[in-house]
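A short write-up of the structure that comes next.
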Amino acid sequence: MDPVKVSSRSVPKAVAGAIAAIIREGNSVEVQAVGAGAVNQAVKAIAIACVYMKEENIDIVSIPAFTGIEINGDERTAICFIVEKR
């Protein structure tokens, strides 16, 4: 599963569309964010995706976790949200 990476400049509606498309395929999706601004945009996107999926009578849940990622040779801690059908 390739993660959906979110930055502080990501557009929440666009990210929500990507999340919804992956969920419609029957898969779960990992949403990764590093930093407060990115986490804010990721949470907004997940909330919007919930609305999109609710319109299709699909409930989704989000499970937050920490994960280590490498950015420019540095090890960073990211917030990872696993989004899947309930």
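- Residues forming a salt bridge (charged side-chain N to carboxylate O under 4.0 Å, His left out) with Arg24 (at least two apart in sequence, or on another chain): Glu56.
- In this structure, Ser10 contributes its side chain and Pro12 its backbone to no donor-acceptor pair below 3.5 Å.
- For Lys54, the side-chain contact (heavy atoms from CB on, under 4.5 Å) test picks out Asp59, with sequence neighbours left out.
- Rounding to the nearest 0.5 Å gives a distance of 13.5 Å between CG of Asn27 and CD1 of Ile19.
- Residue Ile58 is grouped with residue Val15 when hydrophobic side chains (ILVMFWY) are merged at heavy-atom distances under 4.5 angstrom, including chains of intermediate members.
- The shortest side-chain heavy-atom distance between Ile69 and Gln32 falls under the 4.5 Å cut-off.
- Residues Ala45 and Ala16 approach most closely at O-CB, 3.3 Å, considering heavy atoms.
- For Lys13, there are no salt bridge (charged side-chain N to carboxylate O under 4.0 Å, His left out) partners two or more places apart in sequence or in a different chain.
- Cluster membership for Val29 and Val43, using ILVMFWY side-chain heavy atoms within less than 4.5 angstrom, is shared.
- Remark: Ile23 CD1 to Cys50 SG distance equals 9.5 Å, nearest 0.5 Å.
- We find the CD-CD1 distance between Glu30 and Ile22 to be 10.5 Å, quoted to the nearest 0.5 Å.
- Of all heavy-atom pairs between Tyr52 and Gly17, the closest is CE1-N, 4.0 Å.
- Applying the salt bridge (Lys or Arg N to Asp or Glu O under 4.0 Å) test to every pair with at least one member in residues 35-47, sequence neighbours left out, gives no pairs at all.
- In this structure, Val31 is a member of the same hydrophobic cluster as Phe66, with clusters built from ILVMFWY side-chain heavy atoms closer than 4.5 Å.
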Side chains of residues 77-86: which donor-acceptor partners sit under 3.5 Å, not counting sequence neighbours?
none

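- In this structure, Asp74 has no salt bridge (charged side-chain N to carboxylate O under 4.0 Å, His left out) partners at least two apart in sequence or on a different chain.
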